2 protein chains.
Amino acid sequence: MNSVTSKDLANFKVGVDNVIFSVDTQQNRLLVLLSKRLKTPFLNSWSLPGTLVQEGESLEKAAYRTLSELIRVNNLYLEQLYTFGGPNRDPRESPESFGVRYLSVSYFALVRYEEAELIQKSSSPSWYMIEKIPQLAFDHNQILEYGHQRLKSKLKYSPIAFDVLPELFTLNDLYQFYITILGENFSDYSNFRNKLLKLGFLSDTGIKVSKGAGRPASLYRFDEPSFTPLKDKPLLFI
Amino acid sequence: MNSVTSKDLANFKVGVDNVIFSVDTQQNRLLVLLSKRLKTPFLNSWSLPGTLVQEGESLEKAAYRTLSELIRVNNLYLEQLYTFGGPNRDPRESPESFGVRYLSVSYFALVRYEEAELIQKSSSPSWYMIEKIPQLAFDHNQILEYGHQRLKSKLKYSPIAFDVLPELFTLNDLYQFYITILGENFSDYSNFRNKLLKLGFLSDTGIKVSKGAGRPASLYRFDEPSFTPLKDKPLLFI
DNA sequence: ACAAAAGTGTTACCGTTACACCCATGC
DNA sequence: GCATGGGTGTAACGGTAACACTTTTGT
């Protein structure tokens, strides 16, 4: 940081906007949480749930606060996405408003759908299917698209699925989860199975569970310790 | 962004800090550009080159401005890295200073070493070998480490090397470049060669160049059009 | 018995790895 | 001629992809 006279420096408010995904495993739908804006600008538009950062609050804490004001959920994955900070991305930046800039640090979250209880309030948070996202406030459609890309690549390289699946799950549950996010053609079931089991961090509990007709499935559990050695190796889960 | 009373909102200055890498291909050294701080806090400490964002200036433009004030360079790759924004990461955030927060959006850059001409000024920018980084101001050691990780993974998945190598280069030049960043053991030369040539975006110019004794090497060129179809495919360059 | 769901096996193919080897030049 | 740097070839191995097939359940 160098010698510019401080009268040239921009003053910022910093917002945190969250791209919150969940997978409805019953209906195999990928969902995004949107909320209705209660203030200008873009009053009543749909938008990514966000908030302005308060004094003494970290960025991540602001992201968690937004989340906790909309849904009650214990199992989730959250990471920083990207920072959008160009001038004129927010209409409040008009010259009359003393040149305050609005910067958005976006976060990406994946939460357990079954558990996520929406807190009904005036911002009426609701889940939208990824294919049916309406026009959003600000540059939020762009941020959402960026988050969607990140979700897809994260899923391939990292075990984020297990942060969000129930403790015990069948391999088919897992497969459906992957399919819902990555699409039908990413791998066939038998190969998916073999690959994941060979990696060795899924342990068979022996417990069987039946889904109507057909052979009962084994319940598996993600075994954290067996996974750690694989951390930051360039493995694909496909 | 929701209903908090605006007196609780933090006010920010936004800084841009750059992790600027280059590869000294003569001596196979990976270098990072550091500059000396001319102001408190951390007066005279080494730090990542950075600046505070000015009115009307985009984040990326601020990153380019910092760069251009320190070095003259035409060939480079630049992308956003991460945003560090916790409270108390900057000593200027003491209560007496009206609670202004300092947030840092970090950028990651790779520049052509041979071409990069350092602009000697009081901040005395200089290249440091990655193994010999001193104690830096703020949380800059952490940011640098983060940038180093990004450099290594980027190199494996993206053609950023060609943004920085000369127009024409030998396969051995390319190999040395990779080795300098990724270490000796990432691949043997013959396999590296075969893999890259099979990908089909390196075209042999036929021009030969000699390096002392030994058989002369062919000069190759990166062929952008042949690369485009491979974009965003999950290929490893290793 | 038969359909549905889960799980196993098989085979062809392709990329990776670790080498050994050949080629062209300077001294 | 021989060291040096550049370039080619190959054989073992392991993962992937596309299937067919078997097993266990409900009705």
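Every value quoted in this text rests on a predicted model; they were computed, and no experiment measured them.
The existence of a salt bridge linking B/E79 and B/R150 is confirmed by a sub-4.0 Å separation between a basic side-chain nitrogen and an acidic carboxylate oxygen.
The phosphate of C/dG7 (OP1 or OP2) has a side-chain N or O of A/R193 nearer than 4.0 angstrom. For B/K195 and C/dG15, the shortest distance from a side-chain N or O to OP1 or OP2 is not below 4.0 Å. In this model, the phosphate group of C/dA6 is not approached by any side-chain N or O of A/Y189 to a distance below 4.0 Å at OP1 or OP2. Regarding contacts with the backbone of C/dA4, every side-chain N or O of A/K211 stays at 4.0 angstrom or more from both OP1 and OP2.
Distance A/L199 CG to D/dG14 C1': 14 Å, rounded to the nearest Å. A/I207 has its CD1 atom 16 Å from the P atom of D/dT25, to the nearest Å. Distance A/D188 CG to D/dA20 C1': 11 Å, rounded to the nearest Å. Nucleotide D/dT23 holds its P atom 15 Å from the NZ atom of A/K208, rounded to whole Å. Atom pair A/K198:NZ and D/dA17:P shows a separation of 12 Å (rounding to whole Å applied). Rounded to whole Å, atom P of C/dG7 lies 12 Å from atom CG of A/L202. Atom CZ in B/F192 sits roughly 15 Å away from atom P in D/dT8 (whole-Å rounding). With rounding to whole Å, B/L197 atom CG is found 11 Å from D/dT8 atom C1'.
Residues A/Y82 and A/F84 place their aromatic rings such that the two centres sit under 6.0 Å apart.
In this model, a side-chain donor or acceptor of B/N191 finds a partner on the base of C/dA18 within 3.5 Å. Counting distance only, with no hydrogens placed and no angle test, the side-chain atoms of A/S190 and the base atoms of C/dG7 include no donor-acceptor pair under 3.5 Å.
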message: Using the rule given for ring-ring contact (aromatic ring centres under 6.0 Å, His included), can you reason through B/F108 versus B/Y146, listing the C-alpha separation, both sets of side-chain angles and the distance that settles it, and then say yes or no?
response: CA-CA 9 Å; B/F108 152 79; B/Y146 194 86; over 10 Å; no

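In this structure, the nucleotide among D/dG6, D/dT4, D/dT25 sitting nearest to the side chain of B/A213 is D/dT4. With D/dT25, C/dA6, C/dG9 as the candidates, the nucleotide lying closest to the side chain of A/N172 is C/dA6.
Taking a 6.0 Å sphere around CD of B/E184, one finds it holds 12 or fewer heavy atoms contributed by other residues, nucleotides or ligands.
Along DNA chain D, the nucleotide nearest B/T170 and the nucleotide nearest A/R215 are compared for position; the residue whose nucleotide lies closer to the 5' end is B/T170. Where A/S218 and B/F186 meet DNA chain C, the nucleotide closest to each residue was compared, and A/S218 sits on the side nearer the 5' end.
With a 4.5 Å cut-off on side-chain heavy atoms, B/L202 and B/L174 count as touching.
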